[in-house]
Amino acid sequence: KQWYQRRVAITAGSWGTVPSRDHTLNTVDGYFIYLESSWPRIEGDIARIHSPWLIATGHDCSLKFWFHMYGVHIGNLNVFVEDSAHQRSLVFTTNTNTTNDWQPAVVRIGSRPIMRVTFEGVRGQ
């Protein structure tokens, strides 16, 4: 299972569910990553994307991101933080099928000296 990077474009099976614009540039020229939930994906399929290992520069770090969850078969979006001992902590989860718009999220991830962030998408029913 995999994540895809793409410019704003409508793909077969995704009509009306992919964003019409990216969040950062608010144009069709930007990029976003997504997890396709149409066939051949089935309920419970999981895809993960990991950041590189990060070194914290402060004592109270936060992760800011925008997400878009709209359409049938929406499952969960989970965000984990992993420390250098490979201990993972769930810091964010949602399964909200929102309006066809970008939603902001700010997550406190603490002060681990070395960490990696994982975004996990789980395909729903």
Side-chain angles (χ1 to χ4, degrees):
K1 318 311 178 261
Q2 59 187 342
W3 290 88
Y4 301 94
Q5 176 191 14
R6 88 174 301 111
R7 279 188 179 246
V8 176
I10 305 302
T11 60
S14 299
W15 180 258
T17 61
V18 289
S20 60
R21 297 176 177 271
D22 78 305
H23 175 264
T24 306
L25 300 175
N26 196 29
T27 70
V28 297
D29 295 322
Y31 290 89
F32 57 87
I33 60 171
Y34 75 98
L35 177 60
E36 181 60 67
S37 64
S38 301
W39 184 89
R41 302 295 174 235
I42 60 171
E43 182 179 356
D45 278 353
I46 295 173
R48 294 182 184 101
I49 187 166
H50 306 281
S51 75
W53 287 98
L54 308 168
I55 298 172
T57 58
H59 294 290
D60 192 21
C61 299
S62 294
L63 172 66
K64 297 179 183 182
F65 62 95
W66 291 77
F67 64 96
H68 184 282
M69 296 174 72
Y70 183 70
V72 296
H73 310 303
I74 295 299
N76 283 41
L77 172 63
N78 302 315
V79 180
F80 297 92
V81 174
E82 182 179 350
D83 64 22
S84 58
H86 302 287
Q87 298 297 312
R88 286 190 339 163
S89 300
L90 179 67
V91 295
F92 177 86
T93 188
T94 186
N95 63 358
T96 305
N97 188 352
T98 62
T99 60
N100 193 1
D101 203 2
W102 291 100
Q103 305 296 316
V106 178
V107 179
R108 292 185 60 216
I109 57 176
S111 60
R112 298 162 180 88
I114 298 174
M115 67 185 111
R116 179 169 76 166
V117 176
T118 299
F119 288 85
E120 176 185 81
V122 182
R123 202 258 199 192
Q125 293 184 6

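Just so it is clear, the structure is predicted and the values come from calculations on it, not from any experiment.
One distance of note links CD1 of Ile55 with CE of Met115; it measures 10.0 Å at 0.5 Å rounding. Note that CH2 of Trp53 and CD1 of Ile114 are 8.0 Å apart. Values are rounded to the nearest 0.5 Å. The CZ atom of Phe92 sits 13.5 Å away from the CD1 atom of Ile109 when rounded to the nearest 0.5 Å. Here CD of Gln125 is found 9.0 Å from CZ of Arg123. Values are rounded to the nearest 0.5 Å. We find the CD-CE distance between Gln103 and Met69 to be 10.5 Å, quoted to the nearest 0.5 Å. Taken to the nearest 0.5 Å, the NE2 atom of His23 stands 3.5 Å off from the CH2 atom of Trp66.
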- Message: As a quick check of understanding, evaluate side chain to side chain contact (heavy atoms under 4.5 Å, CB included) for Leu63 and Val117, giving each step before the final call.
- Response: CA-CA 9 Å; Leu63 172 66; Val117 176; 3.8 Å; yes
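Ring centroid separation for the pair Phe119 and Phe67 does not come in under the 6.0 Å cut-off.
Both Ile49 and Ile74 are members of a single hydrophobic cluster when ILVMFWY side chains are connected at heavy-atom separations under 4.5 Å.
Contacts of Thr118 classified as side chain to side chain donor-acceptor pair (under 3.5 Å), with partners at least two apart in sequence or in another chain: His50. Residues satisfying the side chain to side chain contact (heavy atoms under 4.5 Å, CB included) test with Thr93, not counting sequence neighbours, are Asn76, Asn78, Leu90. Listed by chain and number, the residues in a side chain to side chain contact (heavy atoms under 4.5 Å, CB included) with Leu25 are Asp22, Thr27 (sequence neighbours excluded).
Among residues at least two apart or in separate chains, salt bridge (charged side-chain N to carboxylate O under 4.0 Å, His left out) pairs with a member in residues 52-80 are Asp60-Arg108.
The two residues Ser62 and Val106 come nearest to each other via the heavy atoms CB-CG1, 4.3 Å.
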With a cut-off of 3.5 Å and sequence neighbours excluded, list every side-chain donor-acceptor pair involving residues 79-88.
{"from": "Glu82", "atom 1": "OE1", "to": "Arg116", "atom 2": "NE", "distance (Å)": "3.3"}
{"from": "Glu82", "atom 1": "OE1", "to": "Arg116", "atom 2": "NH2", "distance (Å)": "2.8"}
{"from": "Glu82", "atom 1": "OE2", "to": "His86", "atom 2": "ND1", "distance (Å)": "2.8"}
{"from": "Asp83", "atom 1": "OD1", "to": "Ala85", "atom 2": "N", "distance (Å)": "2.9"}
{"from": "Asp83", "atom 1": "OD1", "to": "His86", "atom 2": "N", "distance (Å)": "3.2"}
{"from": "Asp83", "atom 1": "OD1", "to": "Gln87", "atom 2": "N", "distance (Å)": "3.0"}

